[in-house]
4 protein chains.
Amino acid sequence: MKDKRQQILETALKLFVENGFHATPTSMIAKEAGVATGTLFHHFKTKEELINTLYLETKEILIQALTKQVNEQDTLKSKFRQVFYNAINWAISHPDHQFFYSQYSYSPFISTLTRELGLQRFHVIQELLKEGQENDILKAIPIGLMIDTAQGTLDGITNYLMEHPEKIDDREFTEQAFSMFWDVLKG
Amino acid sequence: MKDKRQQILETALKLFVENGFHATPTSMIAKEAGVATGTLFHHFKTKEELINTLYLETKEILIQALTKQVNEQDTLKSKFRQVFYNAINWAISHPDHQFFYSQYSYSPFISTLTRELGLQRFHVIQELLKEGQENDILKAIPIGLMIDTAQGTLDGITNYLMEHPEKIDDREFTEQAFSMFWDVLKG
Amino acid sequence: MKDKRQQILETALKLFVENGFHATPTSMIAKEAGVATGTLFHHFKTKEELINTLYLETKEILIQALTKQVNEQDTLKSKFRQVFYNAINWAISHPDHQFFYSQYSYSPFISTLTRELGLQRFHVIQELLKEGQENDILKAIPIGLMIDTAQGTLDGITNYLMEHPEKIDDREFTEQAFSMFWDVLKG
Amino acid sequence: MKDKRQQILETALKLFVENGFHATPTSMIAKEAGVATGTLFHHFKTKEELINTLYLETKEILIQALTKQVNEQDTLKSKFRQVFYNAINWAISHPDHQFFYSQYSYSPFISTLTRELGLQRFHVIQELLKEGQENDILKAIPIGLMIDTAQGTLDGITNYLMEHPEKIDDREFTEQAFSMFWDVLKG
DNA sequence: GATGAATGAGCCTTCATTCAT
DNA sequence: TATGAATGAAGGCTCATTCAT
């Protein structure tokens with residue numbers, strides 16, 4: 001039998017995505033996870049701690065996923081392409097995590113923290129953006145605008161793919177999508 | 001003295017933005033608005049109806065704002081530019097409405113509705129996008145992807161401006177921002 | 001029908017005396033009082049506030065009772081006698097309040113406040129004690145010791161009477177009891 | 001390293017005095033004592049058993065302390081004086097035990113038992129009281145009243161000393177205090 | 001003996017909503 | 001229209017206790 005703590009985390013992720021944080025009682029999580037309510041609070045002092053733990057774990061694996069094989073590319077553009085494919089592939093194959101991440105990011109009760117954490121998420125991209133600006137490949141605009149816009153564009157594309165997951169295997173389509181992403185950035 | 005119904009709506013908007021829907025009890029809204037709890041439910045049958053009313057009103061004025069003076073422009077690009085400025089100016093001058101709108105859109109308990117509504121919001125843009133594709137000015141890609149990406153990019157830019165509101169008066173900056181928006185779309 | 005708030009207070013007093021604060025759930029109070037749980041919390045923000053309200057009210061009527069007719073007496077001794085009878089009569093006729101008062105006073109979660117409040121309770125006696133010392137009628141010892149001891153002696157006598165309430169009508173007995181109280185104090 | 005059982009008892013005493021029985025979870029006792037929760041319940045079947053054990057031990061050493069050297073005195077008064085000093089010295093040097101004892105005595109969930117136990121505590125005094133009455137040295141009043149009043153007076157004095165511990169070394173003061181105690185009793 | 005994860009009944013409190021005035 | 005006391009289902013969390021290791 002799986003570790004109860006892990007079982008709770010997985011169940012919580014699923015239910016949060018389905019119903020949202022507030023509409024998911026801890027009792028429901030416990031029941032669905034097959035544990036007692038006390039067990040949930042044995043592992044996570046509060047509901048909020050459970051949510052945060054989930055977020056932190058999600059962020060960690062997301063960052064891992066985004067970074068993969070990026071540095072093995074030669075040109076800056078291929079590096080961006082790699083990040084781009086990493087991002088959309090991850091979203092498609094981990095839809096729950098992806099939804100959870102959005103939900104958490106827009107949740108008002110964590111506003112301040114969120115921004116900072118949101119940036120961490122795109123740390124790889126930020127580095128590439130800076131590099132590209134220094135080499136005059138990308139637009140010469142405030143880095144902050146660049147980051148927010150890149151993130152927005154990528155989110156837009158991801159949103160579409162989440163609703164049309166079959167497109168992920170259509171290389172022509174994904175290349176078109178990537179060209180949009182690239183066009184926002186390149187100078 | 002202002003109309004009580006209106007007072008409730010304004011107070012609710014402010015509090016929802018500050019705390020989120022779920023963390024804002026109707027009792028708090030009533031108290032802050034200076035009315036009895038019964039009065040709130042006299043005007044709005046349920047809390048959800050209050051939220052929806054707020055959303056509908058917001059959407060209406062947002063659409064009005066986005067559309068303004070668009071058809072007075074000659075080229076497609078200037079039309080997009082006009083929409084772009086309309087969007088960012090509105091966001092900056094109505095931050096509460098803007099936040100409320102995002103929050104509502106990402107709220108899981110209205111998921112199905114959201115898509116549809118989100119589209120309505122960008123109805124102007126959609127029309128322009130179609131027009132641009134038909135005239136081979138914009139990228140020849142699925143219209144859905146185009147819409148989602150345009151919306152994402154615009155949201156990204158808006159996010160940045162919300163945190164740096166002083167930039168709204170820096171024409172050079174806003175033109176750079178617009179160029180990003182335009183580059184995503186143009187073929 | 002009686003005022004609900006009052007009904008809650010009376011029921012709570014009864015139950016607290018029977019079971020103690022901790023062993024009396026608010027749900028039990030509400031049910032026994034014939035109101036909804038929400039009603040209890042509508043009138044008292046927390047369980048603790050309910051307890052404190054009960055204490056304050058009890059203290060008030062106790063003080064009133066102790067003071068009665070004291071100043072109509074001529075000698076200091078008769079004043080003390082009056083207070084003494086006031087105290088034991090009140091205890092016998094309001095056993096619940098009396099028990100509640102003891103329980104509250106010894107409750108560890110209100111330690112600091114208690115001392116101070118306990119003194120208020122015996123404000124009348126304190127004044128008499130000071131007067132007696134100034135006139136060399138009472139023992140010339142630190143007033144604090146005098147107060148605490150007087151209170152202790154009176155509590156002891158009261159305790160006995162609570163278990164033998166019939167004695168309250170035995171004038172010979174009560175006079176013997178009073179002589180004990182008086183002997184502790186007189187110089 | 002100290003015996004775990006003993007460690008639990010000592011920690012429990014300290015915490016009960018600080019927070020009261022109900023506000024002291026067994027988990028807190030275990031943690032503070034540096035043992036596992038299971039260990040606590042290995043030594044004491046229930047929380048109540050732990051409390052009772054603590055009470056019994058306290059009572060035992062209290063009785064020992066009160067009795068010390070009493071029978072070595074010649075007159076009844078010196079015997080009372082001896083008990084008196086035994087009582088206040090013990091209270092001052094074992095404040096936690098003293099507080100615990102009071103708390104236990106006033107705890108509503110052991111009401112019935114309490115009376116009986118309270119009597120045991122003053123068994124020495126009771127014997128002396130009886131002896132004194134038989135020899136016409138003490139007041140000729142119901143022995144029950146005598147016991148309760150003596151206890152009350154002594155508690156009052158003790159309370160004062162607990163708050164002014166430095167007075168314990170002021171022989172003039174303690175003799176004044178004793179005279180109060182003696183005056184309540186003597187005929 | 002010792003451990004600590006697991007249990008689940010039960011507690012305090014919240015909050016959307018109703019209704020008599 | 002407006003009021004606010006009253007409602008009660010539901011939620012987060014606690015805590016004494018058990019039990020497999």
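Chain identifiers are assigned alphabetically (A, B, ...) following the order of the sequence lines, protein sequences preceding nucleic acid strands; residue numbering begins at 1 within each chain.
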Parallel, tilted or perpendicular: which fits the ring planes of Phe100(C) and Phe16(C), with parallel below 30° and perpendicular above 60°? parallel

Which class fits the ring pair Tyr55(D) and Tyr104(D): parallel under 30°, tilted 30 to 60°, perpendicular over 60°? parallel

Given pairs defined as Watson-Crick or G-U wobble with both distances under 3.5 Å, what dot-bracket annotation applies to DNA chain E, with ( ) intrastrand, [ ] crossing, | other strand and . unpaired? .||||||||||||||||||||

Closer to the 5' end of DNA chain F via nearest nucleotide, is it His42(C) or Gly38(C)? His42(C)

Find the distance between OG1 (Thr158(D)) and CD (Gln98(D)) and round it off to the nearest 0.5 Å. 5.5 Å

Nearest-Å distance for atom pair NZ/P, residues Lys45(B) and dA16(E): 18 Å

Comparing Val35(B) and Ser27(D) on DNA chain F - which has the more 5′ nearest nucleotide: Val35(B)

Which comes earlier along DNA chain E counting from the 5' end, the contact point of Arg5(A) or that of Pro25(C), where each point is its nearest nucleotide? Arg5(A)

Does dA2(E) have its OP1 or OP2 closer than 4.0 Å to a side-chain nitrogen or oxygen of His43(D)? yes

Chain C on DNA chain F: first and last contacting nucleotide, 5' to 3', under 4.0 Å to a heavy atom? dA5(F) to dA9(F)

Does dG8(E) have OP1 or OP2 sitting under 4.0 Å from an N or O in the side chain of Thr37(A)? no

Gap between atoms NZ and P, on Lys31(C) and dG10(E) respectively (whole Å): 11 Å

Hey, does the side chain of Gln103(D) reach the backbone of Phe21(D) with a donor-acceptor pair shorter than 3.5 angstrom? yes

In whole angstrom, give the distance that lies between atom CD1 of Ile51(B) and atom P of dC15(E). 14 Å

What integer distance in Å separates Ile8(A):CD1 from dG8(E):C1'? 14 Å

Between dA16(E) atom C1' and Phe41(C) atom CZ, what is the distance in whole Å? 17 Å

How many whole angstroms separate atom CZ of Phe21(C) from atom P of dC11(E)? 17 Å

Thr24(B) (side chain) donor-acceptor with Gly20(B) (main chain) under 3.5 angstrom: yes

Just wondering, do Glu49(A) and Thr53(A) contact through their side chains at under 4.5 Å, heavy atoms? yes

Give the rounded distance in Å between these two atoms: CG of Asn19(B) and C1' of dC15(E). 15 Å

On a heavy-atom basis, which atom in Leu13(A) and which in Leu54(A) lie closest, and how many Å separate them? N-CD2, 3.7 Å

Taking for Thr26(B) and for Leu40(A) the nucleotide of DNA chain E with the nearest heavy atom, the one nearer the 5' end belongs to Leu40(A)

Aromatic rings His22(A) and His22(B): how do their planes relate, parallel, tilted or perpendicular, breaks at 30° and 60°? parallel

Not counting sequence neighbours, which residues clear ring pair (Phe, Tyr, Trp, His ring centres under 6.0 Å) with His94(C)? List them please. Trp90(C), His97(C)

